[in-house]
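Only a predicted model underlies this, so the values are computations on that prediction, with no experimental measurement involved. Every chain is numbered from 1, with letters handed out A, B, ... down the list of sequences.
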There are 2 protein chains.
Amino acid sequence: MSQTDTKTRILDAAEHLFASDGFHSTSLRAITSQAQANLAAVNYHFGSKGALLQAVFERRLLPLNQIRRELLEQALSNARQQNTAPRTVDLLRAFIEPTLAFRQSEPGARDFITLVGRALVEPDPTVRDCFTALVTPLFQQLMAALRLALPQIPPGILQTRLQFTLGAMGHTMCMIGRPPLQFPDAPQPPSSAELVELLIRFVSSGLEAPC
Amino acid sequence: MSQTDTKTRILDAAEHLFASDGFHSTSLRAITSQAQANLAAVNYHFGSKGALLQAVFERRLLPLNQIRRELLEQALSNARQQNTAPRTVDLLRAFIEPTLAFRQSEPGARDFITLVGRALVEPDPTVRDCFTALVTPLFQQLMAALRLALPQIPPGILQTRLQFTLGAMGHTMCMIGRPPLQFPDAPQPPSSAELVELLIRFVSSGLEAPC
DNA sequence: ACATATTTAAAACGAACGTTTGAATTATGT
DNA sequence: ACATAATTCAAACGTTCGTTTTAAATATGT
């Protein structure tokens, strides 16, 4: 076995190329070439291109969602202990902040975040479904927690606002690390940590707004 | 010439299929088949697949952005007349509301909105660039107007918050009219008009939040 | 009406794709 | 060491893609 085995090298290359070029525009030949592996290695190790994408998602998302789930439950138990409703910003932070920490943890993680942001609006069900299946349970947990934090907001409206939140998050995750297209005259792009704080401030204000 | 000429039928079919399946996953054969035209008609009338996409964007976006620009300038001139700063919600409404009116004006418009929402995070520069070129000027105009409405927000932060706004808008435009994936137990999906009001409320709260 | 330009049509082009095959190679277990 | 399993490799498969070509059909202008 080499320093990093073929399977991992393929996952890394696929993660990078799927993120920068998209799923359909990335060929298995480009992936195996960058991974210094044989073309057939993808079908040997993963079965198909779609199964490779699923593996790319699962490798990162299973541990990441586990952390988010723990932080979410911790915020809920803290509130329960103090006999208060959980705070919106704490719930959002549990959901958003691990993404940043993960992003800075390893080089390939940057690409993965882009990939996730794009999966939300992916037209192909093959791509979108294998992603939503991984995040829907956690997302519903967040929704349930937010209903405790914001009991004055009707559930239907809260749900819609959570979709807005998801959109802002996803778009941010996609655009982070790319040249700012809309405003070439950016005064100074915020750091990742600042960006997370700005995002939490933005969406918590939107979620908490009186009806 | 038939009731609707070939060029228009191709534009309609391309709009629908690009929106539902994505640019790369839609073949010219699928488009010309649905348009009841010959395969070569696309290259004859438009030159290439990419040029067809550009035509799809321009047909809708040029008139739509014209309306948005007029409403934006109208809100600004109203404020000037009253010697007050423009209101954030008015500026946002000028930008968001025409999208809804347009969406309800003709059947194919629904598809187009989905297409626009997706173009924001499109990995392929061919697709994204020909879209951003059409909206960037208007977007910078909105940014300039918002700086008048929110002078207390530092420009850099306002810019970042406007990116969040764009994300929430784009995601909403993508998801509108699709089965709500995240929450199968939706109490009652909001109408398009309600959705616009909820979106404006959400993003204006986020934009106006104290730093 | 006829000459001209425009549009449609069928067929084929070369390229790139995901996948499969079968042999060669390498690692594993006894 | 040897038999066996796991992995790598080059090559080819069949399909689909965007585009081009060439001829037929249709509309246009005088």
Figure out the [atom1]/[atom2] separation between [X] and [N], and round it to whole Å.
| X | N | atom1 | atom2 | value |
| --- | --- | --- | --- | --- |
| A/I31 | C/dA16 | CD1 | C1' | 15 Å |
| B/L28 | D/dG18 | CG | P | 4 Å |
| B/F23 | D/dG18 | CZ | C1' | 10 Å |
| A/K7 | C/dA27 | NZ | C1' | 17 Å |
| B/H24 | C/dA15 | NE2 | P | 19 Å |

Side chains of [X] and [Y] only: does a donor on one sit below 3.5 Å from an acceptor on the other?
| X | Y | value |
| --- | --- | --- |
| B/R87 | B/S204 | no |
| A/D111 | A/T114 | no |
| A/Q66 | A/E70 | yes |

Sub-4.5 Å side-chain heavy-atom contact between [X] and [Y]:
| X | Y | answer |
| --- | --- | --- |
| B/H171 | A/L166 | yes |
| B/R69 | B/Q74 | no |
| A/P98 | A/L64 | yes |

### Message
Taking only side-chain N and O atoms of B/T6, does any of them lie within less than 4.0 angstrom of OP1 or OP2 on C/dT7?
### Response
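B/T6 to C/dT7 OP1/OP2: no side-chain N or O under 4.0 Å.
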### Task
Indicate whether OP1 or OP2 belonging to C/dA16 is found under 4.0 Å from a side-chain N or O atom of A/S27.
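For C/dA16, OP1/OP2 do not have a side-chain N/O of A/S27 under 4.0 Å.
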### Query
Of the nucleotides D/dT19, C/dT8, C/dG18, which has the atom closest to the B/N43 side chain?
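Nearest to the side chain of B/N43 among the choices is D/dT19.
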Pick out the pairs of N or O atoms, protein on one side and nucleotides 23-26 of chain C on the other, that lie under 3.5 Å.
none

Write down the protein N/O and nucleotide N/O pairs, taken from nucleotides 9-11 of chain C, whose separation is under 3.5 Å; answer none if there are no such pairs.
none

### Message
Testing B/F23, B/F112, B/F57 one by one against B/F18 for a ring pair (Phe, Tyr, Trp, His ring centres under 6.0 Å), which residue passes?
### Response
B/F23
### Query
In residues 44-56 of chain B, which residues come under 4.0 Å of DNA chain D by heavy atom?
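Residues of residues 44-56 of chain B that come under 4.0 Å of DNA chain D are, in numerical order, B/S48, B/K49.
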### Query
Is NZ or CZ of B/R68 both nearer than 6.0 Å to the six-membered ring centre of B/F95 and within 45° of the ring axis?
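The answer is yes, since B/R68 meets both limits relative to B/F95.
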### Task
May I ask you to say what A/T26 touches in the nucleic acid, namely base, sugar-phosphate or nothing, with a heavy-atom cut-off under 4.0 Å?
sugar-phosphate
### Message
Does A/S25 reach a base, just sugar-phosphate, or nothing at all? Heavy atoms under 4.0 Å.
### Response
nothing
### Task
Report yes or no: does A/T132 contribute a side-chain atom to a donor-acceptor pair with the main-chain N or O of A/R128 at less than 3.5 Å?
yes
### Task
Would you check if the side chain of A/E194 reaches a backbone N or O of A/S191 as a donor-acceptor pair within less than 3.5 Å?
yes
### Task
May I ask you to say whether B/D12 pairs ionically with B/R59, meaning some side-chain N is under 4.0 Å from a carboxylate O?
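Looking at B/D12 and B/R59, the cut-off is met.
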